[in-house]
Each structure stands twice: as C-alpha cells, then as structure tokens.
Asker: 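Following this message is one structure expressed as structure tokens.
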Amino acid sequence: MPEGHTIHRLALDLERDLVGHPVEASSPQGRFPDADRLDGRTLRSTEAIGKHLLLHFGAGRVVHVHLGLFGRFRRHRRPAPPPRDTTRLRLAGPDRTWDLVGPTACEMLTSADLRSLRARIGVDPIARRTSRADLDRTFATLARTRREVGAVLLDQAIFSGIGNVYRAEILFLLGIDPATPARDLSRRDFDAIWRKARELLRLGVVERRIVTVRDAGRRPPRREALHVYKREVCRACTGPISRTTSAGRSLWWCPTCQPPRREPTRS
DNA sequence: AGACGATGCGGAC
DNA sequence: TCCGCCTCGTCTT
C-alpha cells in the first residue's frame, strides 16, 4: 500500500486518534525495545515527510517509521485483539489501538538523525507548501543528471513520496516517455510533473488509495482506477501497454500515448 | 504446505 | 545492478 499518500493519511489518522493523549506503547514482537521509553507518554504531534512517518512524543523522543514494501498499520477499536507475533509496535490510545507490522524502520531518532533525514529528502508533493527556491533547486538537479525521467521520479532525494504506481501514472497522464533524459525536460514539463504529482498524491490522501482515472468526477472501482500500471491495454488508445525496467522496478507505459521525444527543448 | 509477489530501500559489488 | 530484509494474502500443489 505505501506510497506518500499512505503515510500522510496515517499521520492524519494517528493524530486524530492519539495526539494529546497518554499512549500505552509496547513491542509485542520485541524488536523495538525503545517502546518502553514511550509508554505512558503523551503523543504531541505526527508528521509525514515523503514516505517517512514521524511520531513526536516530546522531550526529544521521536519515533521514525518507514513501512517499506510490506509494512502496515492496523487500527483496532476497543477491545483490541491480541497482537500478532509480528507486531513491532502497539500504540493504545483512549479508544483506538494501532498496530505496526513489518516496517523497514521503526526506531528512535536523535535530533542529528532527524536533521539528516530532513536534509536527504526531496520535495514532497503533499507538503502544504514548498518554497520556490526548493523547486528551482530541484529543476536544476534534473538539468544536471544523466538519468531518465522514469528513474528520477522514484528518487526520494529528488521527489519524495512518489512510488512505482504514481510514477507510471504521472508520466502517462503527461504523455512523457519514461526514457526521456531528465535533463531534456523543459521547465514547463517540470512544472507539469510537479502539479500532477500534487494533484494525484493529494487525492490519494483523501481517497485512501491511488486513483488516477476520473470519469466525470466519479470514483472508479478498484480495477478501473489506473491508466497503465500493471495493465495490458491502454485506456486512451486501446493499444498494448509496454513493460520495461527502470530504476530496478517494473514500469508500465503506453508507447503510443508517450512517444519518444524528437528534439529536446529547454526553456 | 509451499511458492510467489508487492505501492521500498540500503548496502555490497 | 543485484541482494537481502520486512510480512502476509493469494495462488498452486
């Protein structure tokens, strides 16, 4: 499930259920022993940065969670079921209990760790506001790289929060061939990518899932929610969808709707 | 029962 | 560029 929209949604849901209350914290699996240091403390705030989730407990206690590919949070009403053997972290608030299973990271961060995390994460399309300077810097980075745009969209140091589904869908919706060298993108292309990423990921936060197809504003069934990702036939031209590997991940795209660029234009 | 894949990432080479 | 890790639902035997 987890691309940036999932993490931002979690930050909001955890905030609603737990912030401002003392929380019972435990690690049933035992692989997050620092849970003891949180037990009984009040959760002050939650924060999502790209695909990273931060839980601020005050007094320098910050929990960093990264779900990776399989990590999940489950929300239980009272009475919560017994935790699974794999439950890394259980957080019990006044009337909801949250269980974290299978994360790549669940750890306490020092303030230095937190600074370096913030420093290595690129612009986040879901963030409330992003400075012009950060966007200019990001565009300048693209102009310098030799990599393809398909690979760049997955690089969390450049854009944070975009994952394998969103990258395929963004490129399709903008008609951009994933193999286009990122340095050949115009500022207009870059701005279009940024706007589309913001639109789609923010919609994902609201919908609690990835939706990129909109039929007259209607909410499509799950199978019909995407344009190219894992599809065989293009929704637009009915031609076959191609599959390639980019940045080590499968990437689906439509060679008709996303034709190769002839001459690069910069602006 | 066992295999397989999945919306991710970091480290080794 | 590949490998290993994290977990579990679904599919195959």
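Labels below follow one simple rule: chain letters A, B, ... track the order of the sequence lines, proteins then strands, and each chain is numbered from 1.
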Asker: Ring-plane angle category for His66(A) and His52(A), please: parallel below 30°, perpendicular beyond 60°, tilted otherwise.
Answerer: perpendicular

Asker: Output the rounded distance in Å from CZ (Arg72(A)) to C1' (dA6(B)).
Answerer: 12 Å

Asker: Taking side chain to side chain contact (heavy atoms under 4.5 Å, CB included) as the definition, give me every residue that meets it alongside Ala157(A), ordered by chain and number, with sequence neighbours left out.
Answerer: Asp155(A)

Asker: Which value, in whole Å, describes the distance between the P atoms of nucleotides dC3(C) and dC4(B)?
Answerer: 15 Å

Asker: Within residues 242-253 of chain A, which residues have any heavy atom lying less than 4.0 Å from an atom of DNA chain C?
Answerer: none

Asker: Using the six-membered ring of Phe139(A), assess whether NZ or CZ of Arg187(A) lies under 6.0 Å from its centre and within 45 degrees of the ring axis.
Answerer: yes

Asker: Please list residues of residues 96-128 of chain A whose heavy atoms come under 4.0 Å from any atom in DNA chain C, ordered by number; otherwise none.
Answerer: Val101(A), Gly102(A), Thr104(A)

Asker: Without decimals, in angstroms, what is the distance between Leu69(A) CG and dG10(B) C1'?
Answerer: 14 Å

Asker: Under 4.0 Å from any heavy atom of chain A: name the first and the last nucleotide of DNA chain C that qualifies, 5' to 3'.
Answerer: dC6(C) to dG9(C)

Asker: Please list, chain by chain and in numerical order, all residues satisfying side chain to side chain contact (heavy atoms under 4.5 Å, CB included) with Arg9(A), sequence neighbours excluded.
Answerer: Leu12(A), Asp13(A), Arg16(A), Val205(A), Arg208(A)

Asker: For dA6(B), take OP1 and OP2 only and decide whether either is under 4.0 Å from a side-chain N or O of Lys230(A).
Answerer: yes

Asker: Is the number of heavy atoms from other residues, nucleotides or ligands under 6.0 Å of Glu15(A) CD greater than 12?
Answerer: yes

Asker: Taking only residues two or more places apart in sequence, or in another chain, which ones meet Thr245(A) in a side chain to side chain contact (heavy atoms under 4.5 Å, CB included)?
Answerer: none

Asker: I'd like to know if Leu14(A) and Met108(A) are part of one continuous hydrophobic network [Ile/Leu/Val/Met/Phe/Trp/Tyr, side-chain heavy atoms within less than 4.5 Å].
Answerer: yes

Asker: Applying salt bridge (Lys or Arg N to Asp or Glu O under 4.0 Å), name anything that partners Arg120(A), two or more places apart in sequence or on another chain.
Answerer: none

Asker: Got a donor-acceptor contact below 3.5 angstrom from the Ser160(A) side chain to the Gln156(A) backbone?
Answerer: no

Asker: Distance check: side-chain N/O of His66(A) vs OP1/OP2 of dC9(B), anything under 4.0 Å?
Answerer: yes

Asker: Using a heavy-atom distance cut-off of less than 4.0 Å, which residues of residues 145-174 of chain A contact DNA chain C?
Answerer: none

Asker: Not counting sequence neighbours, which residues clear side-chain hydrogen bond (donor to acceptor under 3.5 Å, both in side chains) with Gln29(A)? List them please.
Answerer: Arg88(A)

Asker: Taking side-chain hydrogen bond (donor to acceptor under 3.5 Å, both in side chains) as the definition, give me every residue that meets it alongside Arg167(A), ordered by chain and number, with sequence neighbours left out.
Answerer: Asn164(A), Ser246(A)

Asker: Can you sort out the partners of Pro181(A) under side chain to side chain contact (heavy atoms under 4.5 Å, CB included), two or more places apart, ordered by chain and number?
Answerer: Arg183(A), Asp184(A)

Asker: Can you list, in residue-number order, the parts of residues 27-39 of chain A that come under 4.0 Å of DNA chain C, counting heavy atoms only?
Answerer: Gln29(A), Arg31(A)

